[in-house]
Amino acid sequence: MGNNHWLVKSEPFKYSWEKFLKDKKTFWDGVRNYQARNNLRTMQKGDQVFFYHSNEGLEIVGIAEVVKEAYQDPTIDDERWVAVDLKPVTTLKAPVSLAQIKAEKRLQDLGLIRQGRLSVSPVTAKEWEVILELSEQNATESKSAPKAAPAFSKVAKKTSAVSKAKQETTKSANSKVKAK
DNA sequence: GCCAACGTTGGC
DNA sequence: GCCAACGTTGGC
């Protein structure tokens, strides 16, 4: 079982996190870049993967997990390219924006920053933690901005025990804020 | 829509 | 194997 971390990008128009949640599983195909391909090949079952919305959104919205390691990309008749299978694990309580990542000193070496065009990049354990931390921070701060609650919560169930407790706390501490 | 940053291609 | 030209991606 893998214990590595990654980040994949998708244009929401093409394939959004929301769609991914509905699908419950997808094959990550269409990668036509050697470096990205090599990363796909390195992925192991169980690896955790940030899901980033490029072009529109520009933020990390959720976490996926590798459920099937690299195999021949079914969408092309060319042995060079591979796909992996991913399933959604959880929607981040609050997305982490590119701007935020850029502003975070500890994330300056993140693949997303260093090589913006790469669609599949590695994330170190430390970077992973920092990003989760930022998400937590966003979730906490957004109590004054009631747009934080994501519309798609199906898969977020897994973490809902935790997040619910937090939301309750937030709510009672801030009962003036109405859920929209 | 523009442009920077890369990647790829092909001539030599 | 170098490098110019071109194509693509993606942030702004």
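The structure presented is a predicted model; accordingly, all values stated were derived computationally and were not measured. We name chains A, B, ... by the order of the sequence lines, and we start the count at 1 in each one.
- By the neighbour-count criterion of 12 heavy atoms within 6.0 Å, atom CG of Asp78(A) is densely surrounded, having more than that number from other residues, nucleotides or ligands.
- Rounded to whole Å, atom C1' of dC6(B) lies 15 Å from atom CG of Leu112(A).
- Atom-to-atom, CZ of Arg80(A) to P of dT8(B) comes out at 9 Å; the value is rounded to the nearest Å.
- Arg114(A) places its CZ atom 11 Å from the P atom of dG7(B), with the value rounded to the nearest Å.
- A distance below 6.0 Å separates the ring centres of Tyr34(A) and Trp81(A).
- Taking atom CG of residue Leu58(A) and atom P of nucleotide dT9(C), one finds them 16 Å apart after rounding to whole Å.
- Rounding to whole angstrom units, CZ of residue Arg32(A) and C1' of dC6(B) are separated by 18 Å.
- In this structure, Glu11(A) atom CD and dT8(C) atom C1' are separated by 11 Å, rounded to whole Å.
- As rounded to whole Å, 11 Å separates atom C1' of dG11(C) from atom CD1 of Ile113(A).
- The aromatic rings of Trp28(A) and Tyr15(A) sit perpendicular to each other, their planes meeting at more than 60°, with 30° as the lower class boundary.
- Nucleic acid contact class of Leu98(A) (heavy atoms, under 4.0 Å, all strands): sugar-phosphate only.
- Contact check, Tyr52(A) against dG11(C): a side-chain N or O comes under 4.0 Å of OP1 or OP2.
- Between Lys102(A) and dC12(C) there is a side-chain polar atom (N or O) within less than 4.0 angstrom of OP1 or OP2.
- Considering only the side chain of Arg117(A), dC6(B) comes nearest among dG7(B), dC12(C), dC6(B).
- Between atom CH2 of residue Trp128(A) and atom CD1 of residue Ile63(A) there is a gap of 4.5 Å, rounded to the nearest 0.5 Å.
- Residue Gln115(A) places at least one side-chain N or O closer than 4.0 Å to OP1 or OP2 of dG7(B).
- In this structure, the NZ atom of Lys9(A) is 12 Å from the P atom of dC6(B), given to the nearest Å.
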